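All values derive from a computational prediction rather than experimental measurement.
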Amino acid sequence: MHTVGHHLQKKAVGAETHNKDAYARSAFNRYYYSAFLTIREMLASLDSSWTKLNHTSCSEVLNGKVLKQLKDARRRARKKNDRTLVKKINRAEWSVNELAKTISTAYGIRVVADYEQEEHVDFDETARFALRSVDVTVAHDWEKNTRTHCIIVKSVWDEIHA
């Protein structure tokens, strides 16, 4: 998905004026899906019941069940005076919050890109563009950033569920 998004990003920059908007919207859409699928894959690896989560459920699971289990594990680690694990859990919680923020922002932009055609994509002279003030460079990084945060969460999850 990410590769397709990047291809569409480049097409948007080089496209004729009347096609720029469509390519740009499609790039945002593919960047969203690359982040969404990365997060959903990670969540499915944590709990098989999360394999088929829909778009809005990802944030709910991250902010709900995943954070709750991490907080419970941190409480147990504190009782055992395991400072190393507490630090890891704190980092995983931060990553969960970042994942939830990213997927929420990305989903909002995807909805605008797909359904709110009256909102135009803003192109600048530096071969960049933005939709609702979200720069394509930020969208381009959604997948890489979510992958990094997913690795952190998965690592700590595996440790506390070993």
- [ ] Could you label the plane-to-plane angle of the F36 and Y32 rings as parallel, tilted or perpendicular, counting under 30° as parallel and over 60° as perpendicular?
- [x] parallel

- [ ] Answer whether the closest heavy-atom distance between the side chains of Y31 and Q9 falls below 4.5 Å.
- [x] yes

TODO: Decide whether V111 and I39 are clustered together by the hydrophobic rule: side chain heavy atoms of Ile, Leu, Val, Met, Phe, Trp, Tyr closer than 4.5 Å, transitively.
DONE: yes

- [ ] May I ask whether L62 and I151 are part of the same hydrophobic cluster, defined by side-chain heavy atoms of I, L, V, M, F, W, Y residues being less than 4.5 angstrom apart, directly or through others?
- [x] no

Open item on the list: Let's go through D122 and L131 carefully: what are the C-alpha distance in whole Å and the side-chain angles of both, what is the deciding distance for side-chain contact (heavy atoms from CB on, under 4.5 Å) to 0.1 Å, and is it a yes or a no?
Closed with: CA-CA 6 Å; D122 298 317; L131 183 58; over 6 Å; no

TODO: With the side chain counted from C-beta on, respond yes when V61 and L46 share a heavy-atom pair under 4.5 Å apart, and no when they do not.
DONE: no

- [ ] Any chance you could measure E60, atom CD, to S104, atom OG, to the nearest 0.5 Å?
- [x] 11.0 Å

Open item on the list: For a side-chain contact (heavy atoms from CB on, under 4.5 Å) check, start with the C-alpha distance between H161 and Q69, then their side-chain angles and the critical distance, and finish with the verdict.
Closed with: CA-CA 10 Å; H161 288 91; Q69 288 203 33; 2.6 Å; yes

TODO: Tell me, please, which residues at least two apart from D124 pass side chain to side chain contact (heavy atoms under 4.5 Å, CB included).
DONE: T126, R128

Open item on the list: What I'd like to find out is whether the side chain of V66 reaches to under 4.5 Å of the side chain of W50, using heavy atoms alone.
Closed with: yes

Task: Shortest non-hydrogen contact from A100 toward S59 - done: O-OG, 3.8 Å

Task: Nearest non-hydrogen partners of A24 and V121, listed with the distance - done: CB-CG1, 3.7 Å

Open item on the list: I'd like to know if the side chain of T51 and the backbone of S48 have a donor-acceptor N/O pair within less than 3.5 Å.
Closed with: yes

TODO: Provide the closest heavy-atom pair for A27 versus G5 in the form atom of the first, atom of the second, distance.
DONE: CB-O, 3.6 Å

Task: Closest heavy-atom pair and its distance - A35, I103 - done: C-CD1, 4.1 Å

Task: Check: F28 ring centroid to H140 ring centroid under 6.0 Å - done: no

TODO: Please answer: with hydrophobic residues joined when any side-chain heavy atoms are less than 4.5 Å apart, are Y107 and M42 in the same cluster?
DONE: yes

Task: S26 versus N29, side-chain donor and acceptor atoms under 3.5 Å - done: no

Open item on the list: Starting from Y23 and following side-chain heavy-atom contacts under 4.5 Å between hydrophobic residues (I, L, V, M, F, W, Y), which residues can be reached?
Closed with: V4, L8

Open item on the list: Quick check: do N145 and T102 have side-chain heavy atoms less than 4.5 Å from each other?
Closed with: no

Open item on the list: I'd like to know whether the aromatic ring centres of W142 and H2 sit less than 6.0 Å apart in this structure.
Closed with: no

Open item on the list: Applying salt bridge (charged side-chain N to carboxylate O under 4.0 Å, His left out) as the test, list every pair that has at least one member in residues 130-151; sequence neighbours left out.
Closed with: E116-R132, E119-R132, E143-R147

Task: F123 with V136, same ILVMFWY side-chain cluster at under 4.5 Å - done: yes

Open item on the list: For the backbone of V112 and the side chain of R25, can you confirm whether one donor and one acceptor N or O come within less than 3.5 Å of each other?
Closed with: yes

Open item on the list: side-chain contact (heavy atoms from CB on, under 4.5 Å), that's the test. Do V153 and L99 meet it? Break it down for me.
Closed with: CA-CA 10 Å; V153 172; L99 288 168; 4.2 Å; yes

TODO: Provide the full list of salt bridge (charged side-chain N to carboxylate O under 4.0 Å, His left out) pairs with a residue in residues 87-96, sequence neighbours left out, each pair given once.
DONE: R74-E93, K88-E159

TODO: Please tell me if the side chains of V13 and F129 come closer than 4.5 Å, counting only heavy atoms from C-beta onward.
DONE: yes

Task: Residue pairs fulfilling salt bridge (charged side-chain N to carboxylate O under 4.0 Å, His left out) with at least one residue in residues 98-109, sequence neighbours excluded - done: E98-K101

- [ ] For K65, look at atom NZ and say whether over 12 heavy atoms of other residues, nucleotides or ligands are found less than 6.0 Å away.
- [x] no

- [ ] Would you check if V86 and N81 make a side-chain contact, meaning some heavy-atom pair closer than 4.5 Å?
- [x] no

- [ ] Determine whether L37 and V96 fall in the same hydrophobic cluster, where Ile, Leu, Val, Met, Phe, Trp and Tyr are linked whenever their side-chain heavy atoms lie under 4.5 Å apart.
- [x] yes

- [ ] Please list all pairs passing the salt bridge (charged side-chain N to carboxylate O under 4.0 Å, His left out) test where one or both residues lie in residues 37-48, with sequence neighbours left out.
- [x] none

Task: SB check R76 D72 (cutoff 4.0 Å) - done: no

- [ ] Write down the atom of A77, the atom of I89, and the distance for their closest heavy-atom approach.
- [x] CB-CD1, 4.5 Å

